[in-house]
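Contents: one structure, followed by commentary.
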Amino acid sequence: QVQLVESGGGGLVQAGGSLRLSCAASGRTFSNYFMGWFRQAPGKAREFVGGIRRSGNSTYYANSVKGRFTISRDNAKNTVYLQMSSLKPEDTAKYYCAASSRYYSAMAYYTNRFLYDYWGQGTQVTVSS
């Protein structure tokens with residue numbers, strides 16, 4: 001059983017700005033989960049943003065955010081972070097952290113939202129033009 005609690009504010013950000021979201025997990029098995037970030041805009045499907053391996057030594061990003069977003073984790077604090085920079089209006093969405101107990105050698109598998117066991121409540125991020 002894992003509970004995910006998101007923090008970091010969210011809200012309204014100007015284009016070109018930056019924002020950091022945090023996701024804290026309960027329990028002592030945080031390091032056993034691949035952690036992903038997803039986002040969902042109104043009327044759109046939930047889409048993969050990026051993810052990070054259990055050890056934190058490898059990350060994978062959607063092409064739309066590659067080079068602008070950075071995911072990191074601190075297993076000692078049971079926390080995963082999403083650092084967003086050079087924000088664009090098209091980044092506007094509700095952002096969710098998620099935990100997957102599955103393991104795949106190919107990171108691309110983690111783009112599938114159905115591989116995740118637990119989800120955070122979601123944080124709204126709105127980027128103005």
Side-chain angles (χ1 to χ4, degrees):
Q1 181 73 266
V2 175
Q3 293 181 332
L4 304 178
V5 180
E6 298 179 25
S7 63
L12 182 63
V13 184
Q14 286 192 322
S18 62
L19 185 67
R20 181 186 293 106
L21 301 181
S22 299
C23 176
S26 65
R28 300 178 181 273
T29 59
F30 175 74
S31 61
N32 292 334
Y33 292 86
F34 179 98
M35 296 299 297
W37 287 93
F38 288 76
R39 66 186 182 186
Q40 188 166 22
K44 305 290 185 179
R46 189 169 299 189
E47 65 175 353
F48 177 79
V49 174
I52 187 167
R53 291 281 195 192
R54 299 175 180 184
S55 64
N57 63 359
S58 183
T59 54
Y60 185 76
Y61 302 95
N63 289 332
S64 59
V65 306
K66 193 175 300 180
R68 300 187 298 117
F69 290 11
T70 301
I71 296 173
S72 61
R73 68 190 295 164
D74 186 340
N75 288 342
K77 296 181 178 179
N78 287 357
T79 302
V80 64
Y81 306 92
L82 177 63
Q83 175 67 52
M84 300 179 285
S85 301
S86 301
L87 283 163
K88 305 175 181 180
E90 50 263 46
D91 294 320
T92 295
K94 194 168 186 178
Y95 285 74
Y96 300 85
C97 64
S100 175
S101 62
R102 298 171 182 264
Y103 175 81
Y104 294 98
S105 59
M107 296 273 278
Y109 281 101
Y110 292 103
T111 61
N112 186 348
R113 66 185 186 275
F114 295 109
L115 298 183
Y116 292 81
D117 305 282
Y118 306 101
W119 294 84
Q121 288 293 112
T123 302
Q124 180 65 42
V125 174
T126 302
V127 184
S128 62
S129 59

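Please read these numbers as outputs of a predicted model, since none were measured by experiment.
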Compare all side-chain heavy atoms of Phe30 with those of Val2 and state whether any distance is below 4.5 angstrom.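 A side-chain contact under 4.5 Å is absent here.
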Quick one, Met107 and Arg53 - any side-chain contact, counting heavy atoms below 4.5 Å?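 They are in contact (side-chain heavy atoms under 4.5 Å apart), so the answer is yes.
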Could you report the tightest heavy-atom contact between [X] and [Y], atom names first, then the distance?
X	Y	result
Ala93	Ala41	CB-N, 3.9 Å
Tyr33	Ala99	CD2-CB, 3.9 Å
Arg39	Asp91	NH1-OD1, 2.9 Å

Point-to-point distance, once rounded to the nearest 0.5 Å, from [atom1] of [X] to [atom2] of [Y]:
X	Y	atom1	atom2	result
Ser26	Leu4	OG	CG	7.5 Å
Phe48	Trp37	CZ	CH2	12.5 Å
Leu115	Tyr103	CG	OH	14.0 Å
Ser22	Gln83	OG	CD	9.5 Å
Gln14	Ser128	CD	OG	5.0 Å
Thr59	Phe69	OG1	CZ	13.5 Å

Give a yes or no on whether Gln121 atom CD has more than 12 heavy-atom contacts from other residues, nucleotides or ligands under 6.0 Å away.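 Not buried by this count: 12 neighbours or fewer within 6.0 Å.
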Can you confirm whether Glu47 is buried at CD, in the sense that more than 12 heavy atoms of other residues, nucleotides or ligands lie under 6.0 Å from that atom?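 Yes - once you tally the heavy atoms of other residues, nucleotides and ligands closer than 6.0 Å, there are more than 12.
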Under 4.5 Å between side-chain heavy atoms, hopping through other hydrophobics if needed: is there a path connecting [X] to [Y]?
X	Y	answer
Val49	Leu19	yes
Val127	Phe38	no
Val65	Met35	yes
Val13	Met84	yes
Ile52	Tyr95	yes

Between [X] and [Y] (side chain of the first, backbone of the second, donor and acceptor by atom type, cut-off under 3.5 Å), is there such a pair?
X	Y	value
Arg54	Ser31	no
Tyr61	Ile71	yes
Arg73	Asn57	no
Glu6	Gly122	yes
Tyr81	Thr70	no
Asn112	Tyr109	no

Given the ring of Tyr96, does Arg46 sit roughly above its face, with NZ or CZ under 6.0 Å from the centre of the six-membered ring and within 45° of the axis?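 Yes; both conditions hold, so Arg46 lies above the ring face of Tyr96.
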